[in-house]
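Step one of this worksheet: look at the structure below.
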Amino acid sequence: MTGTAEAVLFWIAGPTMVLGALGLVFAKRAVYAALSMALVMILLGIVYLTQGADFLGVIQIFVYTGAVMMLFLFVIMLVGVDASDTTIDSLRAHKWFALVIAVGLGLLLASSLSRAVFAPPPPISQMNADGNVAGLASLIFGEYVWVFELTSALLITAALAAMVLAHRERLTPKPTQREWSRRRVHENRNVAGLPAPGVYARHNAVDTPALLPDGTPSELSVSRVLAARHQLSTPERYSSATPGEAEPSAVGSPDDDARPDRGTDPGTHVGTDDARGRGPARGNEGDDAR
Amino acid sequence: MSLMNYVYLAIVLFAIGAATVLVRRNAIIVFMGIELMLNAVNLAFVTFARMNGSLDGQAVALFVMVVAAAEVVVGLAIIMTIHRSRRSASVDDANLLKL
């Protein structure tokens, strides 16, 4: 039996943890799932602390929420935030089978464990008689020392494996600026480089396409990534604006094309995803190709 | 409040983790389900350690954490490698071993 304070904490933390875990099942986006998982991890750490596992509680918060879940977030970032699930079930009623199996597993575990009879638990102070950390250390470096040595071997192997798996050899030499320019001339396409994004009186970010002489926006002047994400701005918003409304800070002079806004504009970093494909072609252009 | 409540909480979390592994297709979320199951087991270990009044359960939970961390590192690297070659993080698309 436990004290009232612990019961209150349990009945706050427990349902919150279950809600966070359910977020893992039902969240549409992987980022939301990872964040609800981080919530569960923090609450688990707090529950460990109340159960007298001081060291484990701190390690849980440091290692799980600090390292593991942030690693998950990094991988979600690399793999693509919008890499959502495929919704087509290969098996009909797959979800219902899965839910029935999970609920059955829970019921089986609960029913078998509810029959177990435990001796009344000794107080936490008796378990942590010579301090939680010191007691745990005497176990790890005493009785479990070989397991501890094995974990060190496991960690080194895992680190090596991750490096080997994440490493990518460059199969072909990196093309230089000279080779990019030679290829453009050879193919006779966009010889002067791709057109720069549009520069308008009130706006010169890379998300706005430049206008062709007939007034239509040029697809080539903006990054493909922005177009795929539907983050492009329309030139009509800026080209029809009256000059009197222009803010002094946003005015770009028309003669220095779009060169200065590369790197200085905060929107520039969005387009660097495809720098491998387009960057060199745009880096050495003196004028646009229109 | 009985200490068994912690065990029931661990069981619920374990079942939810299992449901995540079975239902979701995104390999990263499936992986998080496995992490949730490991953490539920850790909670049970800590609770049983307290019931027995010894620290052995906590030592085992610590080793489970170490193994889980190593597993996360390798698993995420595999997911990234598959995503690099197949342009997908869905577990349904990784079917190279299929006849």
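Within every chain, numbering begins at 1; the chains are lettered A, B, ... in the order of the sequence lines, protein sequences first and strands thereafter.
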**Prompt:** So, the side chain of A:Arg168 versus the backbone of B:Thr81: is there a donor-acceptor pair under 3.5 Å, distance only?
**Reply:** no

**Item:** A:Ile101 portion near chain B, given a 4.5 angstrom heavy-atom threshold
**Value:** side chain

**Complete:** Bottom line for A:Met37: the part with an atom under 4.5 Å from chain B's heavy atoms is side chain

**Request:** Could you have a look at A:Asn128, A:Leu78, A:Leu109 and say which one has the most heavy-atom pairs with chain B under 4.5 angstrom?
**Result:** A:Leu109

**Message:** If I measure from the heavy atoms of chain B, does A:Gln60 come under 4.5 Å with its side chain, its backbone, both, or neither?
**Reply:** both

**Request:** Might you confirm whether atom OH of B:Tyr8 has over 12 heavy atoms from other residues, nucleotides or ligands at distances under 6.0 Å?
**Result:** yes

**Message:** Counting heavy-atom pairs under 4.5 Å with chain A, which one of B:Gly17, B:Ala59, B:Gly33 comes out on top?
**Reply:** B:Ala59

**Asked** What part of A:Phe118 gets closer than 4.5 Å to chain B, counting heavy atoms only: side chain, backbone, both or neither?
**Response** side chain

**Item:** Atom group of A:Leu139 that falls short of 4.5 Å from chain B, counting heavy atoms
**Value:** side chain

**Asked** Using non-hydrogen atoms only, which part of A:Leu71 is less than 4.5 Å away from chain B: side chain, backbone, both, or neither?
**Response** both

**Item:** Under 4.5 Å from any heavy atom of chain B - which part of A:Val47
**Value:** side chain

**Request:** Give, for atom CG of A:Leu56 and atom CG of B:Leu62, the distance between the pair rounded to the nearest 0.5 Å.
**Result:** 5.5 Å

**Message:** Parallel, tilted or perpendicular: which one describes the rings of A:Phe10 and B:Tyr6, with boundaries at 30° and 60°?
**Reply:** perpendicular

**Request:** Dump the intermediate steps for side-chain hydrogen bond (donor to acceptor under 3.5 Å, both in side chains) on A:Tyr64 and B:Glu35, then the final yes or no.
**Result:** CA-CA 9 Å; A:Tyr64 265 106; B:Glu35 287 302 307; 3.2 Å; yes

**Asked** Given side chains that start at C-beta, do those of A:Val63 and B:Val66 come closer than 4.5 Å, heavy atoms only?
**Response** no

**Item:** Heavy-atom proximity to chain B below 4.5 Å, by part of A:Val40
**Value:** side chain

**Prompt:** Stepwise, does the side-chain contact (heavy atoms from CB on, under 4.5 Å) test hold for B:Leu3 with A:Gln51?
**Reply:** CA-CA 10 Å; B:Leu3 280 185; A:Gln51 298 237 61; 4.2 Å; yes

**Request:** Assess whether side-chain contact (heavy atoms from CB on, under 4.5 Å) is satisfied between A:Val25 and B:Ile29, documenting all intermediate values.
**Result:** CA-CA 8 Å; A:Val25 186; B:Ile29 298 183; over 6 Å; no

